[in-house]
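Presented below is the structure to which this report refers.
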There are 2 protein chains.
Amino acid sequence: MTPQSQAAFRALADPTRRDILMMLRGQEMTIAEVAENFDMTRAAVKKHLTVLSDGGLITVRAAGRERINTFDPGGMAPVLDWLSAFDAFWDDRLAALRNAIEEDGT
Amino acid sequence: MTPQSQAAFRALADPTRRDILMMLRGQEMTIAEVAENFDMTRAAVKKHLTVLSDGGLITVRAAGRERINTFDPGGMAPVLDWLSAFDAFWDDRLAALRNAIEEDGT
DNA sequence: TTGACATGATACCATTTGGTATCGCACGGT
DNA sequence: ACCGTGCGATACCAAATGGTATCATGTCAA
C-alpha cells in the first residue's frame, strides 16, 4: 500500500491512459504525437501523461522543446507485487513472475 | 477494452477496495463484517462492494437478510489479460501465467 | 532577430467519486 | 407477535477527475 503502488493503480484505472501505455510500449513519443491518436486536446493528454509519470509507468525526458515519453516496465512491479498476494488462487505462478521481473532490474 | 475489463481496473483503483479484496481472499464476509475493519459507514462499504461486484472481483449471495461477499479470482483475469500485452518486457512469463489461470477455470 | 510552434501553466467547468445521513423494509430470535 | 437489526435505497455533500480554453515561455529555424 505504498503511495507508489496507489499511484500506479490509479494510473491504470483510466482507459485512455491504458491505451497510451499500449502505444508507448513499442516506441517513445512526444506529447503531440500521443495526442494525435486521441480526440482530445494536448493539454488533456499531457494530464494523463503526468498521471502515468506519477505512477512510475513512464519516464519523461526533455529534448529541446519537446518532451519524450517512454514506457517504464518497472512501474508495473508494484501492481504485480500486490496481485501476488493472490498467489494461492493461481498456483503460485504470479510470485514467480514478479520475482522474474525484479531480477530483470528494468 | 471490454466494459468488464474497465470495471475491474476501476475497482482496483481504490485502496479501500483493494484492502477489502485482501480480506475476502481468505474468508467470506457480510457487509457489516467488512465494515468493522474500516472507519467508515456500512453504506460506504457497501458502495465499494458494489463496485467490486461490478468489476467481477467478488460475488454476492443472499443468506436471509445478510449478503455474503465472496472473492472471485476469475475477476482478475481481464486485468492479467491486459497486462499480458507487455509480455515482451517480461520474458513472456506473464502470458504463461494468464494461460495457467484460464486453464484453472476458476 | 524574428517568427513559428511544442510545451507549461492557469483558470475554469461538468461529471464522477467517496463519503454521510436518513428512512424503510424484511428477516430472526425471543 | 414483536422488537431489534442487517440491509437496500435515496438524497445529499465535498472533493477529485477529465476535459477545455487561454496565455506565457523556451527553442528551433530562417
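The chains referred to below are lettered A, B, ... by the order of the sequence lines, with proteins before strands, and numbering in each begins at 1. Note that these values count all heavy atoms, side chains included, but never hydrogens, waters or copies made by symmetry.
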Problem set entry | Contact nearer the 5' end of DNA chain D, comparing V51(A) with A43(A) |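 It is V51(A) whose nearest nucleotide is closer to the 5' end.
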For the pair made of [atom1] in [X] and [atom2] in [N], what is the distance, rounded to whole Å?
{"X": "M29(A)", "N": "dT7(C)", "atom1": "CE", "atom2": "P", "answer": "11 Å"}
{"X": "I20(B)", "N": "dG18(C)", "atom1": "CD1", "atom2": "C1'", "answer": "12 Å"}
{"X": "I68(A)", "N": "dA6(C)", "atom1": "CD1", "atom2": "P", "answer": "13 Å"}
{"X": "L52(A)", "N": "dT17(D)", "atom1": "CG", "atom2": "C1'", "answer": "14 Å"}
{"X": "L49(A)", "N": "dA9(C)", "atom1": "CG", "atom2": "P", "answer": "14 Å"}
{"X": "R42(A)", "N": "dT10(C)", "atom1": "CZ", "atom2": "P", "answer": "18 Å"}
{"X": "D14(A)", "N": "dT17(D)", "atom1": "CG", "atom2": "P", "answer": "11 Å"}
{"X": "E66(A)", "N": "dC28(D)", "atom1": "CD", "atom2": "C1'", "answer": "10 Å"}

Could you tell me whether the phosphate oxygens of [N], OP1 or OP2, come under 4.0 Å of any side-chain nitrogen or oxygen in [X]?
{"X": "T16(A)", "N": "dG18(D)", "result": "no"}
{"X": "R65(A)", "N": "dT25(D)", "result": "no"}
{"X": "T41(A)", "N": "dT20(D)", "result": "yes"}
{"X": "R10(B)", "N": "dT17(C)", "result": "yes"}
{"X": "R17(B)", "N": "dG18(C)", "result": "yes"}
{"X": "H48(A)", "N": "dT17(D)", "result": "no"}

Exercise. Choosing from dA21(C), dG19(C), dA11(C), which nucleotide comes nearest the side chain of K47(A)?
Worked result: dA11(C)
Problem set entry | Residue A44(A), side-chain atoms from C-beta onward, closest of dG19(C), dG18(D), dT20(D) | dT20(D)
Between [X] and [Y], is there a donor-acceptor pair closer than 3.5 Å when you use the side chain of the first and the backbone of the second?
{"X": "Q6(B)", "Y": "A13(A)", "value": "yes"}
{"X": "R10(A)", "Y": "G55(A)", "value": "no"}
{"X": "S53(A)", "Y": "L49(A)", "value": "no"}

Exercise. Reckon A32(A) touches a base, only the sugar-phosphate, or nothing at all at heavy-atom distances under 4.0 Å?
Worked result: sugar-phosphate
For this session: Confirm from the modelled atom types if K46(B) and dG8(D) form a donor-acceptor pair under 3.5 Å, side chain to base only.
Result: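 Side chain to base: no pair below 3.5 Å.
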For this session: Provide the closest heavy-atom pair for L24(B) versus N69(B) in the form atom of the first, atom of the second, distance.
Result: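 For L24(B) and N69(B), the tightest heavy-atom pair comes out as CD2-O, 3.6 Å.
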Exercise. Just by distance, with hydrogens left out, do T70(B) and E28(B) show a side-chain donor and acceptor under 3.5 Å apart?
Worked result: yes
